[in-house]
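Here is how names work: the chains are called A, B, and so on, in the same order as the sequence lines, proteins then strands, and each is numbered from 1.
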Amino acid sequence: MIDITKEVLLDLRELEPPEPFVQSLAALERLLPGQYLHLVHHRAPAMLYPELAPRGFVSQTQEHSSGLFHIVVWRETDDEAKNEALSQLERMANT
Amino acid sequence: MKLDGLSLEQAPPISVPFRFFLAAPLLGLISAILLVLMGEESLMSRWTPGMLAITHGVVLGVFATVMFGALLQMLPVLAGAVIPSPRRLGNILLPLWVVGILALQCAFLKGEGWLFLLAVVLLGAAVIIFVTSCGTALFRATSQIDSVLGMKLALLSLIITLILGMMLGLGHIGLLPLLRPLETNVHAMWGLLGWIGLLVVSVAWQVVPMFQITAAYPKQIVRLLAPSLFGLFLLRSLLVLMSSFFLEKSPLLPVGFVIVDILISLLLVTFSLQTLWLQYKRKRKISDGHIHYWRIGCVCLVICIFCWWAARLIDNPVIVEYLALLSVVLFIAGFVMAIMTGMLYKIVAFLVWFHLQGLNTRRMMAGEGLIQVPHMKAVISEKRIILQLRIFLLALLLIPVLLVWPALYWLTGILWALHFGLMAYHLGGAATHYRRVAFS
């Protein structure tokens, strides 16, 4: 089961550029300890990736056969968020 | 992997695409003023000096100039095709290109040999430099997005257009035979349908789903459309060559032309209708100027093809001449102008935001204070884009009337001058906005 208090889900599919980028960065700034950001999009957010490391975030991307991309992002120092994010990706891969 | 468009690290400086985007409306303005000054005599046929100067001013001065700037910006970041020293390339390319266009316009108007020679040399040098730089980058491209093949074919079409154009230029001064209208028709086909058409189509695969939030184009269309069109253009050129030199009386040639032309028309109509369908089916129902421009452009392409076929099927020579001219004008002033204007506003606003965002990231990493990055809609306001759209529509709707009633040349010229003047004002405003925020 997904712990909804740990996941911040952001569906970027209906947003026009640069909103996916702007909203993702805003959501990252609001992340609480233990929380991770889960992005859903039609493509991999190439612009966002180089912005993560300087802000202390790490990400992992999974492309589904449906063409959807699931991206999880967590604070580099937050092991609890990392574990939650990676197990969420694992669950997505098995569905 | 499908990437979300642009990567900051590979982007050329904003001044590189911007100098091309700012030059384009000014060159368009010259063509609109020419229309007012030359009067209705310039509209009597496609061969008048005025008509040739105006057409080349728009097609080279506006369309190709915007396309040069857009490709220099888009190739590195969209296709991973890195162009070395983009600033230096822009510094060399733009003066050669602009002076070459002005020389060509003067050559048509004055008919002097040295001006044709100057235009051939300058435009030839500019295109060779541009195609060599972009072509090399594209063949080394790391990303294999669907648009890359179409872009390569568009560049090949540009080279073919250039070669034919240089031959025509030398034909004007008697150094080569001037094979009009056959050579001119093939030159126009490669320039309008090959270079411009294939590039618009290839860019659409990325821009329409991304900025209009539609579903993606069907995979078969994306894979097959550009190479099929390119193959058909080659076949048509071969048929023209055969009809003029080898098999003048063969009864099979007219059939060959009809089959090739039906296929080209079907592919272009498929592109238009598919784009309109994607827009119609989009979940987000909020429309903006960019979408309206695309919609007008696609509708114009369908009407243009209808007029082209009607001109071939009707017997009355006066109506045939009218429909044939209307078809070409609808392609240039309707389809391409609408889509290019819409895309230009979207791309320029996005680039301002994109480069300011990049500046903020660099400031953050250097521990400096951040700047306030404006919203895209604040760079060029939607109200202004809609105002421009109305003027453009008026200028466009006047064209069918103008071709019947050439005395309206002054009103059409003024409306197009207003269109390009507003475009220059809006784009100049966007550049100023960038400078103001970046250096605040």
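Ranked by heavy-atom pairs under 4.5 Å with chain A, the first of B:Gln212, B:Met364, B:Met365 is B:Met364.
Within the 4.5 Å cutoff, the side chain of B:His290 has no heavy atoms near those of the A:Glu16 side chain.
Separation of atoms CD (B:Gln357) and CD (A:Glu51) is listed at 5.5 Å; rounding is to 0.5 Å.
Proximity to chain B (any heavy atom under 4.5 Å) is restricted, for A:Leu25, to the side chain, taken from C-beta onward. Using a 4.5 Å cut-off between heavy atoms, B:Asn360 does not touch chain A at all.
Of all heavy-atom pairs spanning B:Ile213 and A:Leu15, the tightest one is CD1-O, 3.1 Å.
Within 6.0 Å of CZ in B:Arg363 there are more than 12 heavy atoms belonging to other residues, nucleotides or ligands.
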